[in-house]
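Basis for what follows: all heavy atoms, side chains included, without hydrogens, waters or symmetry-related copies. Here, residue 1 is the first one in the sequence, and each next residue gets the next number. What you are looking at is a predicted structure, and each value in this text was computed from that prediction instead of being measured. Both counts, for ligands and for their atoms, begin at 1 and track the order of listing.
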Amino acid sequence: MNVQVNVNLKPFHTFGIDIPCDFLVEAANVDDVIDAYQNPQWKQLPKLILGKGSNVLFTEPFHGVIITNQLLGKKVTESDKLFHLHIAGGEDWPSLVEWTLSQGIYGLENLALIPGCVGSAPIQNIGAYGVEFKDVCEYVEYLDLDTLTITRLNSDQCLFAYRDSVFKQSLLGKVVIVAVGLKLNKAWKANLSYGPLQAEKDILTTPQAIFDLVCDIRRSKLPDPSVTGNAGSFFKNPVITTENFNRLKTAYPELSGYPMTEGGVKIAAGWLIDRCGLKGHQIGGAQVHPQQALVIVNAGEATSKDILDLAWFIRQTVSHKYGVDLEHEVRFFDSEHETNLNNIFTENHV
Ligand code: FAD
Ligand code: EPU
(Lines give C-alpha, C1' and ligand atoms only; values in the text may rest on other atoms or scores of the structure.)
(Ligands and ions follow the chains in the order given, each with its own letter.)
Protein backbone atom coordinates (compact mmCIF):
# COMPACT_ATOMS: atom_id res chain seq x y z
CA MET A 1 0.00 0.00 0.00
CA ASN A 2 1.56 3.28 -1.15
CA VAL A 3 0.99 6.10 1.39
CA GLN A 4 1.84 9.78 0.81
CA VAL A 5 1.69 12.55 3.40
CA ASN A 6 0.71 16.22 2.85
CA VAL A 7 -0.28 15.77 -0.76
CA ASN A 8 -1.44 18.39 -3.24
CA LEU A 9 -4.69 16.98 -4.71
CA LYS A 10 -4.36 18.94 -7.97
CA PRO A 11 -3.55 15.86 -10.12
CA PHE A 12 -6.20 13.76 -8.35
CA HIS A 13 -9.31 15.73 -9.37
CA THR A 14 -10.30 17.16 -12.75
CA PHE A 15 -10.97 20.73 -11.59
CA GLY A 16 -7.19 20.83 -11.16
CA ILE A 17 -7.29 23.12 -8.13
CA ASP A 18 -4.39 23.24 -5.65
CA ILE A 19 -5.74 21.81 -2.42
CA PRO A 20 -3.86 19.84 0.22
CA CYS A 21 -4.81 16.61 1.93
CA ASP A 22 -3.16 15.01 4.97
CA PHE A 23 -2.77 11.41 3.70
CA LEU A 24 -3.23 9.78 0.31
CA VAL A 25 -3.29 6.00 -0.09
CA GLU A 26 -3.20 4.08 -3.37
CA ALA A 27 -5.24 0.92 -2.86
CA ALA A 28 -4.16 -1.79 -5.30
CA ASN A 29 -6.37 -4.51 -3.84
CA VAL A 30 -9.22 -5.01 -1.38
CA ASP A 31 -6.78 -5.68 1.49
CA ASP A 32 -5.26 -2.25 0.94
CA VAL A 33 -8.71 -0.67 1.18
CA ILE A 34 -9.37 -2.57 4.41
CA ASP A 35 -5.94 -1.58 5.81
CA ALA A 36 -6.60 2.08 5.07
CA TYR A 37 -9.98 2.02 6.80
CA GLN A 38 -8.73 -0.11 9.75
CA ASN A 39 -5.30 1.44 10.36
CA PRO A 40 -5.29 2.36 14.10
CA GLN A 41 -3.10 5.39 13.36
CA TRP A 42 -5.90 6.88 11.24
CA LYS A 43 -8.81 5.60 13.31
CA GLN A 44 -10.22 9.04 14.16
CA LEU A 45 -9.56 10.58 10.74
CA PRO A 46 -12.19 11.12 8.05
CA LYS A 47 -11.74 8.90 5.00
CA LEU A 48 -12.76 9.34 1.40
CA ILE A 49 -12.57 6.86 -1.47
CA LEU A 50 -11.77 8.53 -4.78
CA GLY A 51 -11.78 7.30 -8.37
CA LYS A 52 -10.43 9.72 -10.98
CA GLY A 53 -11.84 12.78 -9.19
CA SER A 54 -13.95 13.78 -12.20
CA ASN A 55 -17.11 14.52 -10.23
CA VAL A 56 -15.76 16.15 -7.07
CA LEU A 57 -14.96 19.59 -5.72
CA PHE A 58 -12.78 19.92 -2.62
CA THR A 59 -14.08 23.03 -0.89
CA GLU A 60 -11.34 23.05 1.80
CA PRO A 61 -8.07 21.25 2.59
CA PHE A 62 -8.98 17.63 3.40
CA HIS A 63 -7.85 16.70 6.91
CA GLY A 64 -8.03 12.96 6.58
CA VAL A 65 -7.15 10.00 4.40
CA ILE A 66 -7.99 9.84 0.71
CA ILE A 67 -7.93 6.34 -0.74
CA THR A 68 -7.59 6.12 -4.53
CA ASN A 69 -9.14 3.15 -6.25
CA GLN A 70 -6.44 1.22 -8.18
CA LEU A 71 -8.19 -2.17 -8.18
CA LEU A 72 -7.50 -3.69 -11.61
CA GLY A 73 -8.69 -6.72 -13.56
CA LYS A 74 -11.12 -7.76 -16.31
CA LYS A 75 -12.78 -11.12 -16.87
CA VAL A 76 -15.16 -12.11 -19.66
CA THR A 77 -17.43 -15.14 -19.67
CA GLU A 78 -20.23 -16.04 -22.07
CA SER A 79 -23.70 -17.49 -21.94
CA ASP A 80 -26.00 -18.29 -24.83
CA LYS A 81 -26.97 -14.72 -25.68
CA LEU A 82 -24.74 -12.57 -23.49
CA PHE A 83 -21.20 -11.57 -22.71
CA HIS A 84 -20.71 -11.24 -18.95
CA LEU A 85 -17.93 -8.88 -17.87
CA HIS A 86 -16.54 -8.81 -14.33
CA ILE A 87 -14.51 -5.59 -14.04
CA ALA A 88 -12.52 -4.40 -11.04
CA GLY A 89 -13.56 -1.01 -9.71
CA GLY A 90 -10.30 0.85 -10.40
CA GLU A 91 -10.30 0.15 -14.15
CA ASP A 92 -10.67 3.26 -16.31
CA TRP A 93 -14.20 3.55 -17.76
CA PRO A 94 -13.35 5.17 -21.14
CA SER A 95 -10.51 2.66 -21.67
CA LEU A 96 -12.93 -0.18 -20.88
CA VAL A 97 -15.35 1.07 -23.54
CA GLU A 98 -12.57 1.10 -26.16
CA TRP A 99 -11.29 -2.31 -25.05
CA THR A 100 -14.74 -3.92 -25.39
CA LEU A 101 -15.02 -2.62 -28.95
CA SER A 102 -11.60 -4.06 -29.77
CA GLN A 103 -12.80 -7.44 -28.42
CA GLY A 104 -15.96 -7.44 -30.55
CA ILE A 105 -18.14 -6.88 -27.47
CA TYR A 106 -20.67 -4.14 -28.11
CA GLY A 107 -23.19 -2.08 -26.19
CA LEU A 108 -21.02 0.45 -24.35
CA GLU A 109 -20.33 2.68 -27.36
CA ASN A 110 -22.89 5.37 -26.36
CA LEU A 111 -21.05 5.70 -23.04
CA ALA A 112 -17.69 6.48 -24.69
CA LEU A 113 -15.32 9.06 -23.22
CA ILE A 114 -17.06 9.49 -19.84
CA PRO A 115 -14.14 10.04 -17.45
CA GLY A 116 -13.83 8.05 -14.25
CA CYS A 117 -13.35 4.62 -12.74
CA VAL A 118 -15.57 1.64 -13.46
CA GLY A 119 -16.34 1.44 -9.72
CA SER A 120 -17.67 5.01 -9.76
CA ALA A 121 -20.02 4.43 -12.71
CA PRO A 122 -22.89 2.89 -10.66
CA ILE A 123 -22.84 5.67 -8.06
CA GLN A 124 -24.60 8.29 -10.16
CA ASN A 125 -25.67 5.76 -12.79
CA ILE A 126 -23.58 7.46 -15.46
CA GLY A 127 -25.44 8.23 -18.64
CA ALA A 128 -25.06 9.83 -22.03
CA TYR A 129 -26.50 9.68 -25.52
CA GLY A 130 -29.52 7.53 -24.65
CA VAL A 131 -27.83 4.88 -22.48
CA GLU A 132 -27.34 4.68 -18.71
CA PHE A 133 -25.12 2.38 -16.67
CA LYS A 134 -28.27 0.61 -15.41
CA ASP A 135 -28.98 -0.63 -18.96
CA VAL A 136 -25.80 -2.73 -18.99
CA CYS A 137 -25.42 -3.53 -15.29
CA GLU A 138 -25.77 -7.12 -14.08
CA TYR A 139 -24.48 -6.56 -10.53
CA VAL A 140 -22.32 -4.35 -8.33
CA GLU A 141 -19.96 -5.73 -5.67
CA TYR A 142 -19.01 -3.65 -2.67
CA LEU A 143 -16.94 -3.89 0.48
CA ASP A 144 -19.12 -3.16 3.51
CA LEU A 145 -17.03 -0.86 5.69
CA ASP A 146 -18.70 -2.10 8.92
CA THR A 147 -18.52 -5.84 8.41
CA LEU A 148 -15.57 -5.83 5.96
CA THR A 149 -17.40 -8.39 3.82
CA ILE A 150 -18.11 -8.28 0.11
CA THR A 151 -21.76 -8.05 -0.95
CA ARG A 152 -23.20 -8.36 -4.45
CA LEU A 153 -26.33 -6.38 -5.42
CA ASN A 154 -28.23 -7.14 -8.59
CA SER A 155 -29.19 -4.26 -10.84
CA ASP A 156 -32.69 -3.86 -9.34
CA GLN A 157 -31.25 -3.71 -5.83
CA CYS A 158 -29.04 -0.78 -6.87
CA LEU A 159 -32.18 1.41 -7.22
CA PHE A 160 -30.80 3.19 -10.27
CA ALA A 161 -32.49 6.40 -11.36
CA TYR A 162 -31.42 9.53 -13.23
CA ARG A 163 -27.98 10.39 -11.72
CA ASP A 164 -28.90 8.39 -8.63
CA SER A 165 -28.57 4.98 -6.96
CA VAL A 166 -28.61 3.27 -3.57
CA PHE A 167 -24.92 4.30 -3.29
CA LYS A 168 -25.96 7.98 -3.01
CA GLN A 169 -28.80 7.08 -0.63
CA SER A 170 -28.87 4.42 2.09
CA LEU A 171 -25.35 3.10 1.35
CA LEU A 172 -23.74 6.55 1.19
CA GLY A 173 -20.38 6.52 3.00
CA LYS A 174 -20.83 2.90 4.10
CA VAL A 175 -19.29 1.00 1.20
CA VAL A 176 -16.48 0.90 -1.33
CA ILE A 177 -17.45 -0.49 -4.72
CA VAL A 178 -14.82 -3.07 -5.68
CA ALA A 179 -16.20 -4.53 -8.94
CA VAL A 180 -19.09 -4.40 -11.34
CA GLY A 181 -20.72 -7.03 -13.54
CA LEU A 182 -21.88 -5.97 -17.00
CA LYS A 183 -24.10 -7.93 -19.37
CA LEU A 184 -23.89 -7.15 -23.06
CA ASN A 185 -25.98 -8.72 -25.81
CA LYS A 186 -24.16 -10.79 -28.42
CA ALA A 187 -26.82 -9.68 -30.93
CA TRP A 188 -25.95 -5.99 -31.16
CA LYS A 189 -28.69 -3.44 -31.66
CA ALA A 190 -27.94 0.27 -32.08
CA ASN A 191 -29.39 2.62 -29.47
CA LEU A 192 -30.18 5.78 -31.43
CA SER A 193 -32.86 7.16 -29.11
CA TYR A 194 -30.91 10.37 -28.48
CA GLY A 195 -31.89 13.15 -30.92
CA PRO A 196 -28.50 13.99 -32.45
CA LEU A 197 -27.80 10.25 -33.03
CA GLN A 198 -31.24 9.66 -34.54
CA ALA A 199 -30.54 12.42 -37.06
CA GLU A 200 -27.51 10.43 -38.31
CA LYS A 201 -29.18 7.00 -38.28
CA ASP A 202 -28.30 6.18 -41.88
CA ILE A 203 -24.57 6.20 -41.17
CA LEU A 204 -24.74 4.76 -37.63
CA THR A 205 -24.86 1.12 -38.67
CA THR A 206 -21.92 -0.18 -36.60
CA PRO A 207 -20.86 0.16 -32.94
CA GLN A 208 -17.64 1.82 -34.12
CA ALA A 209 -19.61 4.48 -36.04
CA ILE A 210 -21.63 5.30 -32.91
CA PHE A 211 -18.48 5.35 -30.80
CA ASP A 212 -16.78 7.73 -33.27
CA LEU A 213 -19.75 10.10 -33.48
CA VAL A 214 -20.29 10.17 -29.70
CA CYS A 215 -16.58 10.97 -29.25
CA ASP A 216 -16.79 13.72 -31.88
CA ILE A 217 -19.87 15.31 -30.30
CA ARG A 218 -18.38 15.11 -26.81
CA ARG A 219 -15.06 16.62 -27.93
CA SER A 220 -16.89 19.47 -29.66
CA LYS A 221 -19.14 20.26 -26.66
CA LEU A 222 -17.21 19.45 -23.51
CA PRO A 223 -13.87 20.90 -22.43
CA ASP A 224 -11.05 18.37 -22.03
CA PRO A 225 -10.16 18.33 -18.30
CA SER A 226 -6.49 17.73 -19.10
CA VAL A 227 -6.49 21.16 -20.77
CA THR A 228 -9.21 23.08 -18.91
CA GLY A 229 -10.24 21.91 -15.45
CA ASN A 230 -13.90 20.95 -15.07
CA ALA A 231 -16.14 18.20 -13.71
CA GLY A 232 -18.59 17.78 -16.60
CA SER A 233 -22.16 18.96 -15.99
CA PHE A 234 -22.03 20.92 -12.78
CA PHE A 235 -25.78 20.69 -12.11
CA LYS A 236 -28.27 17.91 -12.79
CA ASN A 237 -31.04 18.49 -15.28
CA PRO A 238 -34.00 19.30 -13.00
CA VAL A 239 -37.05 17.06 -12.99
CA ILE A 240 -40.07 19.28 -12.35
CA THR A 241 -43.78 18.58 -11.98
CA THR A 242 -45.96 18.54 -15.09
CA GLU A 243 -47.87 21.58 -13.76
CA ASN A 244 -44.62 23.48 -13.30
CA PHE A 245 -43.48 22.44 -16.77
CA ASN A 246 -46.74 23.65 -18.34
CA ARG A 247 -46.37 26.98 -16.51
CA LEU A 248 -42.84 27.45 -17.85
CA LYS A 249 -43.77 26.26 -21.34
CA THR A 250 -46.48 28.93 -21.53
CA ALA A 251 -43.95 31.61 -20.63
CA TYR A 252 -41.13 30.09 -22.73
CA PRO A 253 -42.65 28.14 -25.65
CA GLU A 254 -39.21 27.08 -26.92
CA LEU A 255 -38.50 25.11 -23.68
CA SER A 256 -38.19 21.33 -24.29
CA GLY A 257 -39.15 18.71 -21.73
CA TYR A 258 -38.66 14.94 -21.44
CA PRO A 259 -41.34 13.07 -19.45
CA MET A 260 -39.73 10.66 -16.97
CA THR A 261 -41.08 7.15 -16.39
CA GLU A 262 -40.92 7.75 -12.63
CA GLY A 263 -43.03 10.94 -13.04
CA GLY A 264 -42.29 14.59 -13.73
CA VAL A 265 -40.61 16.25 -16.68
CA LYS A 266 -36.85 16.68 -17.14
CA ILE A 267 -35.72 20.02 -18.54
CA ALA A 268 -32.26 21.14 -19.67
CA ALA A 269 -30.38 23.06 -16.98
CA GLY A 270 -27.92 24.18 -19.68
CA TRP A 271 -30.78 25.87 -21.54
CA LEU A 272 -31.98 27.66 -18.37
CA ILE A 273 -28.48 28.92 -17.53
CA ASP A 274 -27.81 29.91 -21.13
CA ARG A 275 -31.08 31.89 -21.36
CA CYS A 276 -30.05 33.81 -18.23
CA GLY A 277 -27.19 35.12 -20.36
CA LEU A 278 -24.57 33.43 -18.21
CA LYS A 279 -22.38 31.75 -20.86
CA GLY A 280 -18.83 33.01 -20.28
CA HIS A 281 -19.77 34.63 -16.95
CA GLN A 282 -16.70 34.62 -14.70
CA ILE A 283 -16.02 35.00 -10.98
CA GLY A 284 -12.31 34.97 -10.19
CA GLY A 285 -10.86 32.03 -12.10
CA ALA A 286 -14.21 30.19 -12.41
CA GLN A 287 -16.16 30.54 -15.62
CA VAL A 288 -19.41 29.29 -17.13
CA HIS A 289 -18.09 27.45 -20.18
CA PRO A 290 -18.66 29.70 -23.20
CA GLN A 291 -19.89 26.76 -25.33
CA GLN A 292 -21.79 24.67 -22.73
CA ALA A 293 -23.55 26.59 -19.97
CA LEU A 294 -23.95 23.50 -17.75
CA VAL A 295 -20.19 23.19 -17.30
CA ILE A 296 -18.16 25.35 -14.92
CA VAL A 297 -14.49 25.53 -15.87
CA ASN A 298 -11.31 26.44 -14.08
CA ALA A 299 -10.31 29.16 -16.51
CA GLY A 300 -6.90 29.41 -14.81
CA GLU A 301 -5.90 29.57 -11.15
CA ALA A 302 -9.50 29.21 -9.92
CA THR A 303 -9.90 28.59 -6.22
CA SER A 304 -12.60 26.37 -4.78
CA LYS A 305 -14.26 29.54 -3.46
CA ASP A 306 -14.43 30.97 -7.01
CA ILE A 307 -16.20 27.79 -8.20
CA LEU A 308 -18.59 27.88 -5.23
CA ASP A 309 -19.38 31.58 -5.66
CA LEU A 310 -20.11 31.09 -9.34
CA ALA A 311 -22.23 27.98 -8.70
CA TRP A 312 -24.27 29.85 -6.08
CA PHE A 313 -24.71 32.84 -8.40
CA ILE A 314 -25.96 30.54 -11.19
CA ARG A 315 -28.33 28.78 -8.82
CA GLN A 316 -29.77 32.06 -7.52
CA THR A 317 -30.11 33.60 -10.99
CA VAL A 318 -31.94 30.54 -12.40
CA SER A 319 -34.16 30.33 -9.34
CA HIS A 320 -35.20 33.99 -9.60
CA LYS A 321 -35.91 33.82 -13.32
CA TYR A 322 -37.62 30.43 -13.61
CA GLY A 323 -38.55 29.38 -10.08
CA VAL A 324 -36.46 26.19 -10.55
CA ASP A 325 -33.84 25.19 -7.97
CA LEU A 326 -30.81 23.53 -9.53
CA GLU A 327 -29.15 20.69 -7.63
CA HIS A 328 -25.46 20.15 -8.20
CA GLU A 329 -24.33 16.83 -9.66
CA VAL A 330 -20.73 17.45 -8.58
CA ARG A 331 -20.01 16.07 -5.10
CA PHE A 332 -18.53 18.57 -2.59
CA PHE A 333 -16.15 17.67 0.25
CA ASP A 334 -15.02 20.05 3.00
CA SER A 335 -12.16 19.34 5.42
CA GLU A 336 -13.95 16.24 6.79
CA HIS A 337 -17.34 15.52 5.20
CA GLU A 338 -19.51 15.69 2.15
CA THR A 339 -21.28 19.05 1.94
CA ASN A 340 -23.41 21.05 -0.51
CA LEU A 341 -24.15 24.56 -1.75
CA ASN A 342 -27.04 25.12 0.66
CA ASN A 343 -24.93 24.17 3.68
CA ILE A 344 -22.10 26.40 2.58
CA PHE A 345 -24.09 29.51 1.70
CA THR A 346 -26.97 29.42 4.13
CA GLU A 347 -25.10 28.15 7.21
CA ASN A 348 -21.53 29.46 6.96
CA HIS A 349 -21.44 32.52 4.73
CA VAL A 350 -24.66 34.44 5.19
P1 FAD B 1 -14.87 10.50 -8.39
O2 FAD B 1 -15.09 11.89 -8.88
O3 FAD B 1 -13.50 10.13 -7.96
O4 FAD B 1 -15.88 10.20 -7.20
C5 FAD B 1 -17.24 10.58 -7.30
C6 FAD B 1 -17.95 10.18 -6.01
O7 FAD B 1 -18.00 8.76 -5.90
C8 FAD B 1 -17.26 10.66 -4.74
O9 FAD B 1 -18.28 10.97 -3.80
C10 FAD B 1 -16.46 9.46 -4.29
O11 FAD B 1 -16.24 9.44 -2.87
C12 FAD B 1 -17.38 8.31 -4.69
N13 FAD B 1 -16.63 7.09 -5.05
C14 FAD B 1 -15.65 6.99 -5.96
N15 FAD B 1 -15.25 5.71 -6.08
C16 FAD B 1 -15.99 4.99 -5.20
C17 FAD B 1 -16.05 3.60 -4.86
N18 FAD B 1 -15.25 2.69 -5.45
N19 FAD B 1 -16.94 3.23 -3.93
C20 FAD B 1 -17.76 4.12 -3.32
N21 FAD B 1 -17.75 5.44 -3.61
C22 FAD B 1 -16.87 5.87 -4.54
N23 FAD B 1 -21.12 11.77 -15.98
C24 FAD B 1 -22.15 11.21 -16.64
O25 FAD B 1 -22.98 10.52 -16.03
N26 FAD B 1 -22.31 11.37 -17.98
C27 FAD B 1 -21.45 12.11 -18.73
O28 FAD B 1 -21.63 12.23 -19.93
C29 FAD B 1 -20.35 12.71 -18.06
N30 FAD B 1 -19.47 13.46 -18.75
C31 FAD B 1 -18.41 14.04 -18.10
C32 FAD B 1 -17.50 14.79 -18.85
C33 FAD B 1 -16.40 15.38 -18.23
C34 FAD B 1 -15.44 16.20 -19.06
C35 FAD B 1 -16.20 15.20 -16.82
C36 FAD B 1 -15.00 15.82 -16.16
C37 FAD B 1 -17.11 14.48 -16.07
C38 FAD B 1 -18.23 13.88 -16.70
N39 FAD B 1 -19.18 13.13 -16.00
C40 FAD B 1 -20.22 12.53 -16.65
C41 FAD B 1 -19.03 12.93 -14.54
C42 FAD B 1 -18.07 11.77 -14.19
O43 FAD B 1 -17.44 11.30 -15.34
C44 FAD B 1 -18.82 10.62 -13.53
O45 FAD B 1 -19.51 11.05 -12.38
C46 FAD B 1 -17.86 9.48 -13.14
O47 FAD B 1 -18.56 8.31 -12.84
C48 FAD B 1 -16.98 9.88 -11.94
O49 FAD B 1 -15.99 8.87 -11.77
P50 FAD B 1 -14.72 9.14 -10.89
O51 FAD B 1 -13.97 7.86 -10.81
O52 FAD B 1 -13.96 10.29 -11.41
O53 FAD B 1 -15.41 9.48 -9.50
N1 EPU C 1 -28.35 23.81 -24.11
C2 EPU C 1 -28.39 25.16 -24.32
N3 EPU C 1 -27.30 25.90 -23.96
C4 EPU C 1 -26.20 25.34 -23.41
C5 EPU C 1 -26.16 23.95 -23.17
C6 EPU C 1 -27.26 23.20 -23.54
O7 EPU C 1 -29.39 25.70 -24.81
O8 EPU C 1 -25.26 26.09 -23.12
C9 EPU C 1 -29.48 22.98 -24.55
C10 EPU C 1 -29.09 22.16 -25.80
O11 EPU C 1 -29.29 22.91 -26.97
C12 EPU C 1 -30.00 20.99 -25.72
C13 EPU C 1 -30.19 20.80 -24.21
O14 EPU C 1 -29.79 22.02 -23.58
O15 EPU C 1 -31.26 21.29 -26.28
C16 EPU C 1 -29.37 19.62 -23.65
O17 EPU C 1 -27.98 19.83 -23.94
P18 EPU C 1 -26.96 18.61 -24.20
O19 EPU C 1 -27.53 17.67 -25.21
O20 EPU C 1 -25.62 19.19 -24.46
O21 EPU C 1 -26.96 17.81 -22.85
P22 EPU C 1 -26.93 18.29 -21.32
O23 EPU C 1 -28.30 18.22 -20.76
O24 EPU C 1 -26.21 19.57 -21.19
C25 EPU C 1 -26.62 15.84 -20.48
C26 EPU C 1 -25.81 15.20 -19.38
C27 EPU C 1 -24.38 14.98 -19.85
C28 EPU C 1 -24.40 14.03 -21.05
C29 EPU C 1 -25.25 14.68 -22.16
C30 EPU C 1 -25.43 13.75 -23.35
C31 EPU C 1 -26.75 15.84 -17.25
C32 EPU C 1 -26.63 16.70 -16.04
N33 EPU C 1 -25.83 16.03 -18.20
O34 EPU C 1 -26.03 17.13 -20.71
O35 EPU C 1 -23.64 14.37 -18.79
O36 EPU C 1 -23.11 13.80 -21.54
O37 EPU C 1 -26.58 15.01 -21.64
O38 EPU C 1 -26.29 12.71 -23.00
O39 EPU C 1 -27.65 15.00 -17.31
C40 EPU C 1 -22.37 14.87 -16.85
O41 EPU C 1 -23.27 14.30 -16.20
O42 EPU C 1 -21.34 15.35 -16.31
C43 EPU C 1 -22.54 15.01 -18.29
C44 EPU C 1 -21.66 15.67 -19.06
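For ligand 1, the atoms lying closer than 4.0 Å to a non-hydrogen atom of Ile123 are 7 (O), 12 (C), 13 (N), 14 (C), 16 (C), 20 (C), 21 (N), 22 (C). Heavy-atom contacts of Gly116 reach the following atoms of ligand 1: 49 (O), 50 (P), 51 (O), 52 (O) (cutoff under 4.0 Å). Proximity to Gln124 (heavy-atom distance under 4.0 Å) selects the following atoms of ligand 1: 23 (N), 24 (C), 25 (O), 41 (C), 44 (C), 45 (O). Residue Leu48 has at least one heavy-atom neighbour below 4.0 Å for each of these atoms of ligand 1: 11 (O). Taking every non-hydrogen atom of Gly53 and a distance limit under 4.0 Å, the qualifying atoms of ligand 1 come out as 1 (P), 2 (O), 3 (O), 52 (O). Within ligand 1, the atoms closer than 4.0 Å to a non-hydrogen atom of Gly127 are 24 (C), 25 (O), 26 (N), 27 (C), 28 (O), numbered from 1 in the order shown.
Under a 4.0 angstrom heavy-atom cut-off, Ala231 registers as being in contact with ligand 1. Using a non-hydrogen distance threshold of 4.0 Å, Arg163 registers as a contact of ligand 1. Contact analysis leaves Phe167 out of contact with ligand 1, as no non-hydrogen atom separation drops below 4.0 angstrom. Within the 4.0 Å heavy-atom shell around ligand 1 one does not find Glu338.
Contact residues for ligand 2 (protein heavy atom closer than 4.0 angstrom to any ligand atom): Ala128, Tyr129, Tyr162, Arg163, Tyr194, Arg218, Lys221, Gly232, Ser233, Phe235, Lys236, Asn237, Ala268, Gly270, Trp271, Asp274, Arg275, Lys279, Gln292, Ala293, Leu294, Glu329.
Below 30°, between 30° and 60°, or above 60°: for Trp42 and Phe23 the angle between ring planes is between 30° and 60°, a tilted geometry. Between Trp271 and Tyr322, the ring planes lie tilted relative to each other; the angle falls in the 30° to 60° range.
At a heavy-atom cutoff of 4.0 Å, ligand 1 is contacted by both the backbone and the side chain of Lys52.
Looking at Val56, Ile49, Ile114 and measuring to atom 40 (C) of ligand 1, the nearest heavy atom belongs to Ile114.
Asp32 places a side-chain N or O within 3.5 Å of a backbone atom of Ala28 that can act as its donor or acceptor partner.
Within the 4.5 Å cutoff, the side chain of Glu138 has heavy atoms near those of the His84 side chain.
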